[in-house]
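First the structure, in the form of structure tokens, and then the observations on it.
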Amino acid sequence: MNKFRSHNCNELRIKDVGNKVLLSGWINKKRDHGNLLFIDLRDNYGITQCIIEKENQNFKSLEKIQLETVVKIEGNVVNRSNETVNKEIDTGEIEVKIIQFEILGTCKELPMPVFTDQEYAEEVRLKYRFLDLRRKKIHENIILRSKVIAFIRNEMNKLGFLEYQTPILTSSSPEGARDFLVPSRLNPGKFYALPQAPQQFKQLIMVSGFDKYFQIAPCFRDEDARADRSPGEFYQLDLEMSFVEQEDVFNVVETLLVNTFKEFSNKKLMFDKFPKISYTESLLRYGSDKPDLRNPLIINDVTVIFNREDVNFEIFKKLVKSGSKVRCIVTKNTKDNPRSFFDGIDKWAKEQGASGMAYLTIEKDNEISARGPIGKFFSKESIEEIMKISNAEVGDSIFFACNKEVELQRIMSLARDKIGNELNLIDENLFAFCWIIDYPMFEKDEHTKKIKFSHNPFSMPQGDIDKINFDKPLDILAYQYDIVCNGIELSSGAIRNHIPELMYKLFSIAGYDKKQVDKKFSGMINALSFGAPPHGGIAPGIDRIVMLLANEKNIREVTMFPMNQNAQDLMMNAPSEINEDQLKELNLSLKVKK
RNA sequence: GGGGGUGUAGCUCAGUUGGUUAGAGCGAUCGCCUGUCACGCGAUAGGUCGAGGGUUCGAGUCCCUUCACUCCCGCCA
């Protein structure tokens, strides 16, 4: 028999009444009635109420015991009277009458309570993470994460994928995020980089003939944190397949995500077959390349209306003449909404840095007309044209904004969220997945005005390779795709470019000559020259998947030992200074002295 | 690098127009209490009001500087 326990704290039931048991766990809560003391004993599995009366010689010492002390309790299982049954806990029909106890681990005065659901400061939570992790919600989140990962591994195996590890110490890559660097002792002056993702390795795995690869892969990027972005490290379900087209990757990921989300959440999936939206269309219709499809509002371009003779809204007409565009959002059947609703949106838009949002409501007495501050500027025919473009009906209202394209996208995207929330249009009990496809291969850097890769430099351009017009690089689309759920970007992936000549050509457009490519991507480019299969893959973010399943808004709620926003581990004191000997051995000297 | 928010007891927070000795709940300590499950009751201890400077007869409160945490922008192929 185990020295510490015969049962865990979520195991005992009515059928165990009369048995002598051993329980070990933490003192979650005490309720001291003077001659009668209740103790909630907690472990990983649950809570069992233990009870001791004054007659017992251990009463005094148990009465004085600190919360969160670890104890071993020996006692008898007794049933509770009907009035005292606790339906909140699984063991609520019984309690353990204490015979004797032993302290296994003492506890100092707590820097924060463990048994409450009360929120407290991140700083304290991270410093005492081992206490924080004892709390119910986060404890369950971490267990959920483990189960999700185990489930995914199993599903991937069932789909014919095998897991392979790739190096943690690798080389710095010129594209993408800032690298974390590790000095090399044996190679003075040289550095390893931690992988931002196992991108090149997984392609090399395909070239090596392994066909279907996956890995729950740690990724390291030295960028600033956000609520949904850990500083430093995060995990991806990294996968890659040979001899596939885009559609084959989609099928695998849809199967996996549908199964995973059905297994771990009660929320409904809006689509089992994920809709595909082109990058360009997404920016137009949703103002963003990560649309929240739970929100039914759609953005429409009505710029042409403002070239008409029978429209007299001069402010917009003048802006349109100088290259601005006009887009609108229709709200269904809002003719009776109070003036404050409309003005509220207008005021809000101004606060977001837009010049406000004009609005009108469509009416029909004998004929179609528009009510509202700008209604009078539109002819009957022009209103009918707007209705045609935007699918608006009598009784609907329309919000307009006018600006240069990029800024207009920004404000319309925000407005879509804002109006959707105001009108309560977003169903919190849904997961709405979609694919964003047809990303452009290149984009123009706003500052340098140079052409650069818009996403992954290893992506395959679309179309017949012989017919691609490299003189118009901004028109080249890539087999590059993202998966989005409820407005959160879960992953991006691509069919890869496995043709070296094409790779050199694309890199030359982004300003890298052959020599540079050979040097920076020697492993990759060399491998592609020795018989590379067509291949592609994707890498959904594990942390964000668990966040969605746990219904959390912050990634630290699903990460066991996260760093804070300044990329410090307050519990382990990382990063820390190192001593002179270590520096010397690494051939480093510091410019910044403390 | 930039913008917003927060900072008062171990924890969560209140603190009025600038005005006497800075409060509450939880936790801690001591006492009372035999059916609680956020047990109840009474008492005690616990404060550099994030730090520094300024205005003022007087600053937790107003001003300036600065630090920490957090959210956002930039950044994240």
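Labels below follow one simple rule: chain letters A, B, ... track the order of the sequence lines, proteins then strands, and each chain is numbered from 1. Atom set for the values below is all heavy atoms of this structure, side chains included, hydrogens, waters and symmetry mates excluded.
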Q: Run the salt-bridge test on A/E407 and A/K404 with the 4.0 Å N-O cut-off and return the result as yes or no.
A: no
Q) What nucleic acid atoms does A/P113 come within less than 4.0 Å of, heavy atoms only: base, sugar-phosphate, or nothing? A) sugar-phosphate
Q: With the side chain of A/L67 defined as its heavy atoms from C-beta on, choose the nearest nucleotide among B/A28, B/C11, B/C71.
A: B/A28
(Q) If we ignore hydrogens and angles and just use 3.5 Å, is the side chain of A/N566 paired with the main-chain N or O of A/Q568 as donor and acceptor? (A) no
(Q) Using atom C1' in both nucleotides, what's the gap between B/C63 and B/G18 to the nearest angstrom? (A) 13 Å
(Q) Would you say the ring centers of A/Y512 and A/Y504 fall short of 6.0 Å from each other? (A) no
Q) Do the side chain of A/R125 and the base of B/C69 come within less than 3.5 angstrom through a donor-acceptor pair of N or O atoms? A) no
Q) Looking only at N and O atoms, is any donor in the side chain of A/E68 or the base of B/G27 less than 3.5 Å from an acceptor on the other one? A) no
Q.
Only pairs with both distances under 3.5 Å count, Watson-Crick or wobble alike; so what is the partner of B/A68 in this structure?
A. B/U6
Q. Does the side chain of A/K108 get closer than 4.0 angstrom to OP1 or OP2 of B/G27 through an N or O atom?
A. no
Q | N-O pairing of A/E93 and A/R13 below 4.0 Å | A | no
**Q.** Nearest-Å distance for atom pair NZ/C1', residues A/K87 and B/U36
**A.** 16 Å
Q) Is A/N566 near enough to B/C69 that one of its side-chain N or O atoms lies under 4.0 angstrom from OP1 or OP2? A) yes
Q.
Could you tell me how far apart A/Y128 (OH) and B/G27 (P) are, to the nearest whole angstrom?
A. 19 Å
**Q.** Whole-Å gap separating P (B/A9) and CG (A/L110)
**A.** 18 Å
Q. Taking the C1' atom of each, how far is B/U12 from B/C72, in whole Å?
A. 26 Å
Q.
Roughly how many Å apart are B/U56 and B/U44, using the P atom of each and rounding to a whole number?
A. 41 Å
Q: For A/H33 and B/U36, say yes or no: do the ring centres fall under 5.5 Å of each other while the ring planes differ by less than 30°?
A: no
Q: Please state how far atom CG in A/D32 lies from atom P in B/C30, giving the value in whole angstrom units.
A: 12 Å
Q) B/U70 P sits how many Å from A/I555 CD1, rounded? A) 14 Å
**Q.** Distance-only donor-acceptor test, A/Q49 side-chain atoms vs B/U36 base atoms, 3.5 Å
**A.** yes
Q.
Considering only residues two or more places apart or on different chains, which pairs with a residue in residues 551-561 of chain A satisfy salt bridge (charged side-chain N to carboxylate O under 4.0 Å, His left out)?
A. A/E122-A/R556, A/R125-A/E557, A/K137-A/E552
Q.
Between B/C39 and B/C33, how far apart are the two C1' atoms, rounded to whole Å?
A. 11 Å
**Q.** Separation between the P atoms of B/G27 and B/C11, rounded to whole Å
**A.** 15 Å
(Q) Please report the distance separating the P of B/G2 from the corresponding atom of B/G19, rounded so that it comes out in whole Å. (A) 35 Å
(Q) Using whole Å, what does the distance between atom P of nucleotide B/C75 and atom CG of A/D179 come to? (A) 18 Å
Q. If you take atom types as modelled and just measure distance, does the side chain of A/R80 reach the base of B/C37 with a donor-acceptor pair under 3.5 Å?
A. yes
Q: Name the nucleic acid region contacted by A/N28, choosing base, sugar-phosphate or nothing; use a 4.0 angstrom heavy-atom cut-off, strictly under.
A: nothing
Q: Validate the cation-pi geometry between A/K29 and A/F115: distance from NZ or CZ to the six-membered ring centre under 6.0 Å, angle to the ring axis within 45°.
A: yes
(Q) Once hydrogens and angles are ignored, does a donor-acceptor distance under 3.5 Å link the base of B/C76 to the side chain of A/R229? (A) yes
Q) Which part of the nucleic acid does A/K29 contact within heavy-atom distance under 4.0 Å: base, sugar-phosphate only, or nothing? A) sugar-phosphate
Q. Which whole-number value in Å describes the distance from A/Q565 CD to B/G74 C1'?
A. 13 Å
Q: Would you kindly give the CE-to-C1' distance between A/M112 and B/C11, to the nearest whole Å?
A: 9 Å
